[in-house]
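Structure record follows, encoded as structure tokens.
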Amino acid sequence: MTLHIQTPLFESRPLSLAAGRAVWLKLDALQPCGSFKLRGVGHACEVHHSRGARHFVSSSGGNAGLAVAYAGRQLGVPVTVVVPETTTARAKQLLRLEGAEVVVHGSSWQEANQLALTLVGAEDAFIHPFDDPLLWAGHASLIDEVAASACKPDAVVLSVGGGGLLSGVVEGLKRNGWSDVPVLAVETEGAASLHAAMQAGHTVEIERLASVATSLGAKRVAEQAMRCVESHPVYSHRVSDKAALLACKRFLDDHRVLVEPACGAALALAADAQALADYRNVLVVVCGGATATLEQIDTWLATAQ
Ligand SMILES: *Cc1c(COP(=O)(O)O)cnc(C)c1O
């Protein structure tokens with residue numbers, strides 16, 4: 001038994017028609033806590049639990065925190081999530097629904113994270129949102145499921161925040177003998193820390209984050225993301241916030257599932273025939289995200305560029 005579930009894999013007729021090629025969806029939006037994060041976070045929590053951890057600590061008010069809260073509740077381990085004052089009421093409510101203790105501290109994630117680290121006792125485990133080999137090993141299960149279905153894609157499209165999903169998918173491609181399958185790594189323009197790192201040839205801290213795709217908001221990607229780029233074909237793509245938001249709306253119409261703009265970024269590329277010109281069978285990781293409402297997406301769209 002794992003904490004995450006096996007998710008559906010099917011060809012999207014509307015996206016295939018839009019892109020002029022077969023577009024397959026791996027629907028991780030259907031994980032019980034709403035995003036792919038449960039794969040890696042669930043695995044990390046299980047490993048720490050088996051080593052005797054008595055308490056999990058997270059500093060993510062987003063999908064990583066939700067996944068820790070869900071995993072802790074399933075394993076019977078108490079969870080504390082420290083979030084900054086900027087965290088929405090909805091995010092805090094979702095965390096509390098999963099039974100986590102929510103501590104509000106500081107005006108930025110950095111400050112919340114600092115407090116979170118001081119709360120990690122000798123018998124506790126801190127669960128990072130993207131930079132931990134246990135996470136990547138767990139995320140790699142997504143590709144194991146695709147490989148088990150015997151459907152080999154020509155390319156994988158996914159969103160990049162801190163690069164945990166990218167690292168896990170590349171690990172999954174390698175361990176299934178699919179080292180020749182390129183990854184199209186999509187970010188929004190205001191959160192393009194992988195793009196900046198690939199330009200520089202090393203990880204860099206981008207000055208400021210300016211995107212509605214808050215789940216892609218890591219100023220610097222994990223070093224492992226650079227190792228992936230160096231050892232595997234990875235191509236960086238950027239889309240506008242507006243394109244990501246419109247892709248969310250369209251996905252809701254097409255497949256009746258609401259995802260965050262973080263996921264909309266990958267979906268926007270999945271409808272772009274030009275970006276996909278070299279590929280006949282494209283797999284899109286529908287990473288999901290539980291923190292946006294339709295109302296919020298419409299509000300963002302009214303001013304998005
Ligand atoms: C965390 C997250 C991402 C980005 O994942 P990284 O591992 O940080 O690159 C993308 N989409 C959603 C919905 C997320 O929750």
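Counting starts at 1 for both ligands and their atoms, following the listed order.
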Quick test of your reading of the model: are [X] and [Y] salt-bridged, counting only N-O distances below 4.0 Å?
{"X": "Asp298", "Y": "Lys249", "answer": "yes"}
{"X": "Asp180", "Y": "Lys152", "answer": "yes"}
{"X": "Arg90", "Y": "Glu295", "answer": "no"}
{"X": "Asp154", "Y": "Arg21", "answer": "no"}

Counterpart residues, ring-ring contact (aromatic ring centres under 6.0 Å, His included), relative to Phe130 (two or more places apart) = His128

ask   = Which heavy-atom pair separates Val160 from Ala185 by the least distance, and what is that distance?
value = CG2-CB, 3.6 Å

inquiry  = Heavy-atom contacts with ligand 1 below 4.0 Å: which residues, ordered by chain and residue number?
reply    = Phe36, Lys37, Asn63, Phe130, Val160, Gly161, Gly162, Gly163, Gly164, Leu165, Ser215, Leu216, Ala262, Cys287, Gly288, Gly289

